[in-house]
Enquirer: 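Here's a structure for you.
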Protein chains: 2
Amino acid sequence: MVSKAFQPVPASEIPDEISGLRMTRQRQHIYRILLQHRDHPTANDVFMRIKDTLPNLSLATVYTCLDAMVKHGIIRQVNFDRGPSRFCPNLAEHGHFHDVTTGIIHDVKFKSGIHLEDVLDLPPGAIIKNVEFTLRGQLS
Amino acid sequence: MVSKAFQPVPASEIPDEISGLRMTRQRQHIYRILLQHRDHPTANDVFMRIKDTLPNLSLATVYTCLDAMVKHGIIRQVNFDRGPSRFCPNLAEHGHFHDVTTGIIHDVKFKSGIHLEDVLDLPPGAIIKNVEFTLRGQLS
DNA sequence: CTGATAACTGGAATAATTCTTGATATCGGC
DNA sequence: GCCGATATCAAGAATTATTCCAGTTATCAG
Ligand SMILES: [Mn+2]
Ligand SMILES: [Mn+2]
Ligand SMILES: [Zn+2]
Ligand SMILES: [Zn+2]
């Protein structure tokens with residue numbers, strides 16, 4: 001069974017509004033890039049991948065479009081140390097495993113039924129809004 | 001029982017070498033700041049706290065001293081999103097809970113006996129070198 | 001069609017951090 | 001204690017990712 005992750009996503013399949021955000025031509029192209037090639041690209045990666053199709057697109061627009069989609073919960077922003085932010089269309093709760101040998105970033109989920117709060121010693125009364133985790137290592 | 005975390009640490013108690021790194025006067029002062037006030041300060045916070053005692057100290061030196069101590073495993077560098085790096089002398093495996101109401105950052109440990117690898121669906125053959133996690137929320 | 005509003009562009013500005021270059025300090029051997 | 005080698009430090013310039021700004025363009029409501 002072939003993964004759908006890397007199939008081309010025609011513009012027609014991206015609606016002109018998602019979660020209250022108007023999906024302009026620029027946003028549709030950017031979102032399609034994220035869906036087609038789920039390697040957690042930086043804003044600049046997205047810009048380089050898109051500029052053949054939209055030659056007038058500016059990098060500032062890539063930043064503001066990505067930011068708008070993050071704020072509307074359409075995509076997620078992922079940071080590794082001090083490196084440039086990366087972007088991910090996977091909205092399921094997940095973290096990231098960074099293979100330092102290949103540079104590839106893998107999505108990682110909790111085993112089913114497990115929540116991070118259950119395995120941590122939290123300060124009493126803590127209400128968790130958001131969880132992030134990152135692993136670094138290699139595949140043997 | 002009173003926590004030892006915020007007791008003053010006299011210069012005499014910091015050895016002149018740790019993990020192979022020569023602890024110069026600047027590094028001792030910086031390290032003492034981190035030990036005395038464990039609130040995960042930024043490089044600039046450290047700089048402001050120290051410049052009365054060492055008026056010639058430059059911010060660049062604070063950065064290089066912190067970096068040297070991180071590379072020698074004496075302290076840890078902690079990043080929250082795109083904010084400035086923060087520094088932590090707690091070497092035990094732990095993550096961070098960021099209280100968005102107060103801005104206070106709390107150290108968080110796993111419940112005893114639990115390892116992140118045990119609760120995650122990792123890619124087969126993954127060898128984990130390093131784990132980081134961050135929670136955001138508030139204390140009710 | 002028309003004015004209001006949202007989005008976009010390109011270049012300037014910003015903030016954290018790193019780099020560079022020239023002093024200072026420290027070390028081991030004499 | 002002096003001396004060259006090496007490590008560290010200071011100050012300012014440079015870098016990088018990102019955001020801001022001001023002017024233009026696109027979209028929407030009536
Ligand atoms: Mn980026
Ligand atoms: Mn900092
Ligand atoms: Zn992801
Ligand atoms: Zn900590």
Side-chain angles (χ1 to χ4, degrees), chain A residues 11 14-33 40-72 74-88 105, chain B residues 11 14-33 40-72 74-88 105:
Chain A
I14 298 181
D16 54 4
E17 184 176 312
I18 304 181
S19 313
L21 181 69
R22 186 149 60 88
M23 292 300 281
T24 62
R25 193 156 51 101
Q26 289 85 344
R27 289 176 189 153
Q28 290 190 339
H29 278 263
I30 291 169
Y31 187 45
R32 191 161 346 102
I33 295 286
H40 301 85
T42 66
N44 194 57
D45 292 337
V46 171
F47 179 62
M48 291 189 304
R49 286 174 191 176
I50 214 168
K51 67 181 170 197
D52 288 331
T53 358
L54 288 183
N56 296 336
L57 182 71
S58 83
L59 179 57
T61 299
V62 175
Y63 273 102
T64 57
C65 288
L66 287 168
D67 188 56
M69 288 190 275
V70 168
K71 292 219 167 95
H72 285 256
I74 300 169
I75 62 173
R76 293 179 45 188
Q77 178 169 359
V78 178
N79 298 301
F80 295 94
D81 300 322
R82 302 241 93 237
S85 289
R86 296 170 173 278
F87 297 89
C88 174
I105 294 160
Chain B
I14 297 181
D16 54 2
E17 184 176 313
I18 303 181
S19 310
L21 181 68
R22 210 169 86 207
M23 292 301 280
T24 62
R25 194 156 51 101
Q26 290 85 343
R27 290 177 188 150
Q28 289 190 341
H29 278 263
I30 291 170
Y31 187 45
R32 190 159 347 100
I33 295 284
H40 301 85
T42 65
N44 194 57
D45 292 336
V46 171
F47 178 62
M48 291 188 304
R49 287 174 191 174
I50 214 169
K51 68 178 168 201
D52 288 330
T53 358
L54 288 183
N56 296 337
L57 183 71
S58 82
L59 179 56
T61 300
V62 174
Y63 274 103
T64 57
C65 288
L66 287 169
D67 188 56
M69 288 190 276
V70 168
K71 293 220 167 93
H72 285 257
I74 299 170
I75 63 174
R76 293 180 43 188
Q77 177 169 0
V78 178
N79 299 301
F80 294 95
D81 301 320
R82 303 240 91 237
S85 290
R86 296 170 173 278
F87 296 88
C88 174
I105 294 160

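Order of the sequence lines fixes the chain letters, A, B, ..., with proteins taken first and strands second; residue numbering starts at 1 for each chain.
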Enquirer: Using the side-chain contact (heavy atoms from CB on, under 4.5 Å) rule, pick out the option among A:D67, A:L59, A:L66 that qualifies with A:Y63.
Expert: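 So, applying the side-chain contact (heavy atoms from CB on, under 4.5 Å) to A:Y63 and each of A:D67, A:L59, A:L66, only A:L59 qualifies.
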
Enquirer: Using a cut-off of less than 4.0 Å, is there contact between a side-chain N or O of B:Y63 and OP1 or OP2 of C:dT18?
Expert: no

Enquirer: When the distance from CG of A:L59 to P of D:dC21 is rounded to whole Å, what number comes out?
Expert: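 For the pair A:L59 CG and D:dC21 P, the rounded distance is 18 Å.
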
Enquirer: Taking the axis from the first five pairs and the axis from the last five, what angle separates them in the helix from C:dC1-D:dG30 to C:dC30-D:dG1, rounded to 10 degrees?
Expert: 30°

Enquirer: Between atom CD in B:E17 and atom C1' in D:dT8, what is the gap in whole Å?
Expert: 14 Å

Enquirer: Does A:V62 or B:N79 map to a spot on DNA chain C nearer the 5' end, using the closest nucleotide for each?
Expert: A:V62

Enquirer: Taking only N and O in the side chain of B:S85, is any of them less than 4.0 Å away from OP1 or OP2 of C:dT17?
Expert: yes

Enquirer: Specify the separation, in whole Å, of atom CG of B:D81 and atom P of D:dT19.
Expert: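 Between P of D:dT19 and CG of B:D81: 11 Å.
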
Enquirer: When you compare the side chain of A:N44 with that of A:M48, does any pair of heavy atoms fall below 4.5 Å?
Expert: yes

Enquirer: Quick check: closest heavy atoms across A:S85 and A:N79, and the distance to 0.1 Å?
Expert: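 Heavy atoms of A:S85 and A:N79 come nearest at OG-OD1, 2.6 Å.
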
Enquirer: Using atom NE2 of A:H72 as one end and atom P of C:dA6 as the other, report the distance to the nearest whole Å.
Expert: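 That distance rounds to 11 Å.
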
Enquirer: Find the distance A:Q77:CD to D:dA17:P and express it as a whole number of Å.
Expert: 14 Å

Enquirer: Might you work through the side chain to side chain contact (heavy atoms under 4.5 Å, CB included) test for A:M69 and A:I18, ending with a clear yes or no?
Expert: CA-CA 9 Å; A:M69 288 190 275; A:I18 304 181; over 6 Å; no

Enquirer: Decide yes or no on side chain to side chain contact (heavy atoms under 4.5 Å, CB included) for B:V46 and B:R49, but give the supporting numbers first.
Expert: CA-CA 5 Å; B:V46 171; B:R49 287 174 191 174; 5.8 Å; no

Enquirer: Report, as a single string ordered 5' to 3', how protein heavy atoms within less than 4.0 Å touch nucleotides 20-27 of chain C: B base, S sugar-phosphate only, - not at all.
Expert: ------S-

Enquirer: Starting at CG of A:L66 and ending at P of D:dT18, how long is that distance when rounded to a whole Å?
Expert: 10 Å

Enquirer: Does atom CZ of A:R82 have more than 12 heavy-atom neighbours, drawn from other residues, nucleotides or ligands, at distances under 6.0 Å?
Expert: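 Yes, enclosed.
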
Enquirer: To the nearest Å, how far apart are B:K71 NZ and C:dT17 P?
Expert: 13 Å

Enquirer: Applying side chain to side chain contact (heavy atoms under 4.5 Å, CB included) to A:Q77 and A:F87, what does each step give before you reach the verdict?
Expert: CA-CA 5 Å; A:Q77 178 169 359; A:F87 297 89; 3.9 Å; yes

Enquirer: Report the nucleotide, chosen from C:dT9, D:dA10, D:dA17, that has the shortest atom-to-atom distance to any side-chain atom of A:L57.
Expert: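 That would be C:dT9.
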
Enquirer: Under 4.0 Å: is that the gap between some side-chain N or O of A:T61 and OP1 or OP2 of C:dT9?
Expert: yes

Enquirer: Of all residues at least two apart in sequence or in a different chain, which pass the side chain to side chain donor-acceptor pair (under 3.5 Å) check with A:S58?
Expert: A:T61

Enquirer: Respond yes when some side-chain nitrogen or oxygen of A:R82 is under 4.0 Å from OP1 or OP2 of C:dT17, and no when none is.
Expert: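 Yes, A:R82 has a side-chain N/O under 4.0 Å of OP1/OP2 on C:dT17.
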
Enquirer: Take A:R86 and A:D45 through the test side chain to side chain contact (heavy atoms under 4.5 Å, CB included) and record every step on the way to the result.
Expert: CA-CA 9 Å; A:R86 296 170 173 278; A:D45 292 337; 4.3 Å; yes

Enquirer: In whole angstroms, how far is the P atom of C:dA7 from the CD atom of A:Q28?
Expert: 14 Å

Enquirer: Please name all residues satisfying side chain to side chain donor-acceptor pair (under 3.5 Å) with B:R22, sequence neighbours left out, ordered by chain then number.
Expert: none

Enquirer: Once salt bridge (Lys or Arg N to Asp or Glu O under 4.0 Å) is applied, do any residues pair with B:K51, and if so which ones, sequence neighbours excluded?
Expert: none

Enquirer: Looking only at non-hydrogen atoms, find the nearest pair between A:I74 and A:Y31 and report the distance.
Expert: CG2-CE1, 3.8 Å

Enquirer: Could you identify which residues of residues 45-54 of chain A place a heavy atom less than 4.0 Å from some atom of DNA chain C, listed by residue number, or say none?
Expert: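 Residues of residues 45-54 of chain A under 4.0 Å from DNA chain C: none.
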
Enquirer: Among D:dT8, D:dA10, C:dT9, which nucleotide sits nearest the side chain of B:N56?
Expert: D:dA10

Enquirer: OP1, OP2 of C:dT9 versus side-chain N and O of A:Q26: anything below 4.0 Å?
Expert: yes

